[in-house]
J.: 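Handing you a structure now.
Both backbone and side-chain heavy atoms feed into the values below; hydrogens, waters and symmetry mates do not. Both counts, for ligands and for their atoms, begin at 1 and track the order of listing.
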Amino acid sequence: MNTVQHPDSDVPMNLEECIEHTNTAKYLSTHAYSKMVPSFKFIIENLIRIINDHDHRIGNQRALEFGDGPCLLTSFILAKKVQSIRFADRSLENLAAVRNWINQKPDAHDWSDLFDRAIHEYHTQTGDTSAKRSLWENRLREAIVNGGLLQFNVRAHDCPVLNGELNYYDIVSSSMCLERVCSTHLIYKQTIKQFYALLKENGFIILMHELNQSFYVENEHRHPILPLNRTVVIEALTDAGFEDIHDETQDQDVDNVADGNVIMIVTAFKPQQSS
Ligand SMILES: C[S@@+](CC[C@H](N)C(=O)[O-])C[C@H]1O[C@@H](n2cnc3c(N)ncnc32)[C@H](O)[C@@H]1O
């Protein structure tokens, strides 16, 4: 049986128990953004800019979304570019929510407001008003069907995602996940090295973090978070071998649910000629 460390203690708990901690509906209603919070504006503007700026350099075959359930915003923007998105998360409930959306089930989460905002930003930045939500959504559905939904536990021995085929992805993206699943900076840095190995030459990494965060509250449990800062993140990317590292940050308010006071988006390329 796969085991993981309980976030509040050193006692391993089994994967099924861990999944019970997920509350997808609550996450979607409170975090998946019925209103435009400042961090969302920041994320959308930057992701659209990133994809546009690097349109000719980033490959268009395969992306990995690492720990992204049940959120579809990043995948939606990546689907403008790539044909296949492997959508991996620990929680079966999160993955079921994504599958419901792909299958257009009546109870699927409605992402249209956020997707419209992404399309509006795309129009603003490019002047191209031909992008229609229905077509873009179809691309996203196709891309996730091509890449597959994958349940995994990053802390399990021989994690199938981190130990996947080398030099495989054009893009690896992970948002607000590593600070929850890596218990030390050393493990964080090792994980970034594993991302590096999964990328093709000239592959592109996109990381989003809340910086200086020490806890979050979910289902009335207070969970510790690995506090990350800009130096640790840039160092991890540099040590792994990435180049052309670029980051954007924005201050954000802390509250009693989470105390990360800065949101960071950082991107980098795996060099063309890796040694
Ligand atoms: C804060 S959510 C971030 C979701 C999304 N990426 C976003 O930016 O809103 C953290 C994600 O990490 C995933 N996760 C937590 N522990 C994990 C583990 N041990 N292995 C894989 N994924 C895990 C959760 O299921 C969840 O989807």
Side-chain angles (χ1 to χ4, degrees), residues 1-8 12-34 37 39-40 42-44 46-47 63-78 85-99 101 109 111 114 118 144 149-164 171-183 187-188 191 194-195 205-211 213-219 221-226 228 252 257-260 263-266:
M1 179 184 294
N2 291 330
T3 59
V4 296
Q5 291 300 111
H6 189 287
D8 291 331
M13 61 193 237
N14 70 46
L15 188 54
E16 288 70 26
E17 232 185 301
C18 194
I19 287 164
E20 278 172 25
H21 282 255
T22 308
N23 185 335
T24 304
K26 191 167 177 198
Y27 188 85
L28 282 168
S29 67
T30 57
H31 297 258
Y33 330 112
S34 49
V37 294
S39 58
F40 260 101
F42 172 77
I43 288 170
I44 289 174
N46 276 287
L47 287 179
L64 169 66
E65 279 281 20
F66 187 93
D68 214 23
C71 298
L72 283 173
L73 177 62
T74 310
S75 295
F76 181 73
I77 293 171
L78 292 185
I85 297 174
R86 175 153 302 166
F87 195 100
D89 196 78
R90 178 199 73 189
S91 157
L92 290 174
E93 195 184 345
N94 284 348
L95 295 175
V98 174
R99 195 180 53 221
W101 183 85
H109 183 74
W111 288 97
L114 210 55
I144 297 180
L149 293 168
L150 180 64
Q151 195 263 333
F152 80 111
N153 177 11
V154 67
R155 297 183 186 187
H157 183 59
D158 289 341
C159 162
V161 178
L162 289 179
N163 294 290
I171 302 174
V172 170
S173 161
S174 185
S175 163
M176 320 298 174
C177 178
L178 296 187
E179 54 269 59
R180 286 161 196 247
V181 300
C182 300
S183 50
I187 293 174
Y188 174 79
T191 309
Q194 287 175 289
F195 284 168
I205 188 167
I206 307 172
L207 298 173
M208 284 189 255
H209 292 306
E210 285 179 291
L211 301 184
Q213 187 171 352
S214 65
F215 75 89
Y216 71 101
V217 176
E218 191 174 41
N219 297 336
H221 291 278
R222 187 183 160 108
H223 303 279
I225 293 255
L226 176 69
L228 293 175
Q252 63 177 14
V257 173
D259 64 344
I263 184 161
M264 174 190 209
I265 299 185
V266 58

J.: Checking the N or O distance criterion of under 3.5 Å, is ligand 1 in contact with Pro70?
T.: no
J.: Answer yes or no: does an N/O atom from Asp89 fall short of 3.5 Å to an N/O atom of ligand 1?
T.: yes
J.: For Gly69, take its heavy atoms, then give the atoms of ligand 1 lying under 4.0 Å from any of them.
T.: 4 (C), 26 (C), 27 (O)
J.: Do Leu162 and Phe152 have side chains that approach each other closer than 4.5 Å (heavy atoms only, starting at C-beta)?
T.: no
J.: Do side-chain atoms of Gln252 reach the backbone of Gly260 as a donor and acceptor pair under 3.5 angstrom?
T.: yes
J.: A side-chain contact here means heavy atoms from C-beta on lying under 4.5 Å apart; do Phe76 and Trp111 qualify?
T.: no
J.: Using distance alone, determine whether Arg180 and ligand 1 share an N or O pair under 3.5 Å.
T.: no
J.: With a 4.0 Å heavy-atom cut-off (strictly under), which part of Asn94 contacts ligand 1: side chain, backbone, both or neither?
T.: side chain
J.: Under a 3.5 Å distance rule, please check whether Asn94 uses its side chain to pair with a backbone N or O of Asp68 as donor and acceptor.
T.: no
J.: Quick check: Gly67 and ligand 1, any N/O pair under 3.5 Å apart?
T.: yes
J.: Can you label the angle between the His223 ring and the His221 ring as parallel, tilted or perpendicular, going by 30° and 60°?
T.: tilted
J.: Judged on heavy-atom distance to atom 20 (N) of ligand 1, which of Leu95, Val154, Leu72 sits nearest?
T.: Val154
J.: Applying a heavy-atom cut-off of 4.0 Å, say which part of Tyr216 lies close to ligand 1: side chain, backbone, both or neither.
T.: neither
J.: With a 4.5 Å heavy-atom cut-off, do Val161 and Val154 have their side chains touching?
T.: no
J.: Is the closest N or O pair between Val181 and ligand 1 shorter than 3.5 Å?
T.: no
J.: Find all atoms of ligand 1 within a distance of less than 4.0 Å from any non-hydrogen atom belonging to Asn153, and give their numbers and elements.
T.: 18 (C), 19 (N), 20 (N)
J.: State the atoms of ligand 1, each with its element, that fall below the 4.0 Å cut-off from a heavy-atom position in Phe152.
T.: 20 (N), 21 (C)
J.: For the side chain of Gln151 and the backbone of Arg90, is there at least one donor-acceptor N/O pair under 3.5 Å apart?
T.: yes
J.: Number the atoms of ligand 1 from 1 as they appear, then name those within less than 4.0 Å of a heavy atom of Ser175, with their elements.
T.: 3 (C), 5 (C), 6 (N), 7 (C), 8 (O)
J.: Before giving the answer on side-chain contact (heavy atoms from CB on, under 4.5 Å), spell out for Phe195 and Leu207 the whole-Å C-alpha distance, their side-chain angles and the decisive distance to 0.1 Å.
T.: CA-CA 11 Å; Phe195 284 168; Leu207 298 173; 4.2 Å; yes
